[in-house]
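Below, each value reflects all heavy atoms present in this structure, side chains not excepted, and no hydrogens, waters or symmetry copies. Whatever order the structure lists them in is the order used to number ligands and atoms, beginning at 1.
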Amino acid sequence: MILNFINGQYRQGRGGRSFSDMNPVDGSLIAQVSEATREDVDDAVNAARDALAGPWGALKLSQRCDLLYAVAAEIDRRAEDFVAAEVADTGKPRSLASHLDIPRGAANFRVFADAVRNVATETFTSHAPDGEPTLNYALRRPKGVVAVICPWNLPLLLMTWKVGPALACGNTVVVKPSEETPATAALLGEVMNSVGIPKGVYNVVHGFGPESAGEFLTTHPGVDAITFTGETRTGAAIIRASAAGIKPVSMELGGKNPAVVFDDADLDATIAGLTRSVFENSGQVCLGTERVYVQRRIFDAVVQRLASAAARLRPGRPEDPATTLGPLISAEHQRKVLDYFALAKAEGATAVCGGGVPDVSHELKAGAWVEPTVWTGVAHESRVAREEIFGPCCAVIPFETEAEALRMANDTPYGLAASVYTSDVARAHRFAGALRVGVVWVNSWFVRDLRTPFGGSGASGIGREGGVHSLEFYTELSNVCIKF
Ligand SMILES: O=C(O)C(=O)/C=C/C=C/O
């Protein structure tokens with residue numbers, strides 16, 4: 001049984017209810033998960049409050065940072081346990097979890113322990129109306145108890161992307177992981193206890209959204225801030241719930257990210273970048289590419305090479321080194337993506353590769369598999385080119401001029417990420433600056449410096465996290481003015 005982690009202890013939900021954690025590779029049962037009740041969530045929020053007022057709030061900055069460095073070191077030391085838990089929950093290839101998800105879990109604690117030690121606040125000197133000198137200085141204090149609602153695609157990475165800065169800034173947290181991927185959030189509780197993070201600082205409650213732990217947590221009066229990564233619709237529901245208590249929210253939501261390939265691009269680098277941004281994690285990355293705009297002259301070459309790269313991806317068990325494609329997270333999500341595959345056909349698309357379910361071995365047949373898919377013949381205005389699918393698929397659409405490419409790339413209610421492939425440096429800067437997104441990669445994808453601002457605009461969310469931007473969200477600034 002995967003248990004809740006409240007006030008430093010693992011425990012069953014008071015309602016005695018549980019739900020199944022399924023393995024998306026073959027549809028087998030991994031474990032039962034104990035569902036938290038409203039009372040359990042209340043206990044977790046109270047434990048977080050007590051820790052704030054108690055040992056955690058009393059720690060010196062250097063002591064708090066040392067503990068977070070210890071958390072990072074313990075995640076590294078237990079990397080195998082975290083990889084095994086993450087791979088079981090998500091079905092992603094071991095190579096991906098061990099190179100991306102788990103190392104970032106440790107990095108997300110280190111980078112923000114560094115940030116709170118090294119980022120200055122500000123002072124201003126001036127004079128009062130009577131001519132006497134004044135000194136103004138800003139103080140940062142923790143917001144308090146932070147609710148962390150995190151998604152199933154990069155479970156440890158995205159949860160610690162919020163928990164790392166929240167704790168570094170002196171807050172305490174109550175985490176509600178996705179019901180699809182409870183394992184690594186629960187496992188992190190062992191790390192917290194073993195390095196000596198005081199009980200109540202880090203809490204985990206399992207369940208669903210409406211009328212379950214997610215709703216109990218985001219509407220709890222004892223929560224001081226809410227940070228969420230996930231679907232835009234859920235984000236809107238959380239913002240509505242936060243309104244009653246005027247709770248600050250940080251929202252990293254969906255996207256329909258474009259890649260724009262100019263005809264002077266390095267084709268090898270372009271295909272390498274697109275293969276990752278379209279198919280990595282089976283397309284289940286909020287920063288992933290689902291629209292590829294290619295300048296007409298090299299359109300056929302890019303389509304063929306991207307389709308060949310897609311066709312070379314191998315579905316299989318995560319621990320098989322030959323596996324380069326995992327399943328989607330669940331049968332429900334598989335159904336949604338296959339519905340979009342059917343819609344693409346109805347909208348006149350040609351599936352240059354994929355478009356269905358891959359031929360996997362008998363033992364994997366019950367897994368949530370879909371084929372990596374490249375469409376041409378898709379109109380820019382079509383639903384498959386406008387709606388987030390969150391699968392290993394993309395529409396490749398030709399363009400003639402830079403202006404046309406920019407218009408189409410920006411023609412979306414989202415504004416999260418984009419990638420641009422060109423050898424013309426001036427054009428790279430010009431085009432990147434004109435894209436209405438939070439993150440632009442030029443001749444690359446998902447290369448991350450954790451000190452940089454990260455987040456989306458429009459339907460892709462509210463706020464930026466990363467480096468000092470996380471400190472802005474996870475602390476309250478106050479200004480003190482002293483008159484001499
Ligand atoms: O790289 C990050 O810090 C991050 O937040 C990635 C988000 C991916 C979402 O699917």
Completion exercise
Interatomic distance, SG@C353 vs CG@L306, rounded to 0.5 Å, equals 7.0 Å
Handout entry: Summary of side-chain hydrogen bond (donor to acceptor under 3.5 Å, both in side chains) pairs that have at least one residue in residues 319-338, sequence neighbours excluded
Key = R335-D339
Exercise for the section: Only pairs at least two apart or in different chains count here, so list each side-chain hydrogen bond (donor to acceptor under 3.5 Å, both in side chains) that has a residue in residues 203-215. Expected result: E35-S212
Just jot down the ligand 1 atoms closer than 4.0 angstrom to any heavy atom of [X], in number order.
X    : value
L154 : 8 (C)
V285 : 10 (O)
R448 : 1 (O), 2 (C), 3 (O)

Exercise for the section: Step through the shown structure and confirm whether more than 12 heavy atoms of other residues, nucleotides or ligands are within 6.0 Å of CZ on R386. Expected result: yes
Exercise for the section: Step through the shown structure and confirm whether more than 12 heavy atoms of other residues, nucleotides or ligands are within 6.0 Å of CZ on R451. Expected result: no
Exercise for the section: Using non-hydrogen atoms of the residue, decide whether R104 is closer than 4.0 angstrom to ligand 1. Expected result: yes
Exercise for the section: Take every heavy atom of E252, measure it against each atom of ligand 1, and state whether any distance is under 4.0 Å. Expected result: yes
Handout entry: Nitrogen or oxygen atoms of N153 and ligand 1 under 3.5 Å apart
Key = yes
Handout entry: Geometric cation-pi criterion R383 and W375, 6.0 Å radius, 45° cone
Key = no
Practice task
Compute both the distance and the angle, then confirm whether R110 meets the cation-pi test with Y69: under 6.0 Å from the six-membered ring centre, within 45 degrees of the axis.
Solution key: no
Fill in the blank from the handout: If you scan protein heavy atoms around atom 4 (C) of ligand 1, the nearest is F454 CZ, 3.6 Å
Handout entry: Protein residue, atom and distance nearest to atom 8 (C) of ligand 1, heavy-atom basis
Key = C286 SG, 3.0 Å
Quick one: does ligand 1 sit under 4.0 Å from the side chain of [X], the backbone, both or neither, non-hydrogen atoms only?
X    : answer
N108 : neither
L450 : neither
L158 : side chain

Practice task
Taking only Lys NZ, Arg NE, NH1 and NH2, and the carboxylate oxygens of Asp or Glu, determine whether E476 and R141 approach each other closer than 4.0 Å.
Solution key: no
